[in-house]
Amino acid sequence: DGRRTPPPALAAMAASIPLCGPAMLRATARLLQLRPPLVTPCRGRKSRTDPPAKSKAGRIKVPPPVDPEELLVVKQRYLHYRAILDALRAEFKEEVLRKQYEEKVGSLAAERLKQETEEHRMLMAWNDAENARLRKLREERYAREQEEEKQRKLQAAISRERTRAEIT
């Protein structure tokens, strides 16, 4: 083992140092020339009751004095402000709800239904016209295919007759 043991006085001094953080751990480890012990550092936040500094340990916190008349005025103004904001909020909410109701049930709903019915009628008319156009193209193609089939059968019959005439 390559570690050296420190003299007893140095070990006692190192043991008296409180372990409070990683820097202190490293310093102690360097002092003892050992590996750092497996101790989690104790750094963190102070609790609510801990004083912010040693010099402020005996201080008693006294809230600043408040003028009762001024406090009454501030409270009244705040209540008035909250009442105005609540009234405005209620007004805007009522307006939004009224518009939603109007869209679902009222005259806007009837107008929208009429508009949708008209749009549906126009789309159905366009669909009927498109179906008629495609039917006409399909019938023309079918007639052309029938004519081509007749021509092919006629050509086949003529070529069969020629081959029979040549054979006999």
Item to check | Cluster check Val74, Val66: I/L/V/M/F/W/Y, side chain < 4.5 angstrom | outcome: no
Next on the checklist: Could you check whether Arg152 pairs with Glu149 (Lys NZ or Arg NE/NH1/NH2 to Asp/Glu carboxylate O, under 4.0 Å)?
Outcome noted: yes
Next on the checklist: Using a strict threshold of under 4.0 Å (side-chain N to carboxylate O), is an ion pair present between Glu102 and Lys99?
Outcome noted: no
Next on the checklist: Can you confirm whether Arg59 is buried at CZ, in the sense that more than 12 heavy atoms of other residues, nucleotides or ligands lie under 6.0 Å from that atom?
Outcome noted: yes
Item to check | Test log, rule side chain to side chain contact (heavy atoms under 4.5 Å, CB included), inputs Arg138 and Arg141 | outcome: CA-CA 5 Å; Arg138 192 171 41 249; Arg141 188 186 72 232; 3.8 Å; yes
Checklist entry - Shortest non-hydrogen contact from Thr163 to Arg160? => result OG1-O, 2.7 Å
Item to check | Heavy-atom pair of closest approach, residues Lys104 and Ala109 | outcome: O-CB, 3.4 Å
Item to check | Residue Gln146 excluded, over 12 heavy atoms near CD under 6.0 Å | outcome: yes
Item to check | Rounded distance (nearest 0.5 Å) linking atom CG of Leu88 with atom NZ of Lys93 | outcome: 14.5 Å
Checklist entry - Do Met122 and Glu118 come within less than 4.5 Å of each other through their side chains, counting heavy atoms only? => result yes
Checklist entry - Any Lys/Arg nitrogen of Arg164 or Glu161 sitting under 4.0 Å from an Asp/Glu carboxylate oxygen of the other? => result yes
Item to check | Enclosure of Lys54 NZ (heavy-atom neighbours >12, cutoff 6.0 Å) | outcome: no
Checklist entry - So do the side chains of Glu111 and Gln115 get within less than 4.5 Å of each other, counting heavy atoms only? => result no
Checklist entry - Roughly how far apart are His80 NE2 and Leu85 CG, rounded to 0.5 Å? => result 10.5 Å
Checklist entry - So, do Asp86 and Arg89 sit near enough that their side-chain heavy atoms are less than 4.5 Å apart? => result yes
Checklist entry - Is the number of heavy atoms from other residues, nucleotides or ligands under 6.0 Å of Glu148 CD greater than 12? => result yes
Checklist entry - Can we say Arg133 and Glu130 salt-bridge, meaning some charged N sits less than 4.0 Å from an Asp/Glu carboxylate O? => result yes
Next on the checklist: Would you compute the distance between atom NE2 of His120 and atom CG of Asn127 and round it to the nearest 0.5 angstrom?
Outcome noted: 9.5 Å
Next on the checklist: Nearest 0.5 angstrom please: Leu71 CG to Glu69 CD, how far?
Outcome noted: 11.0 Å
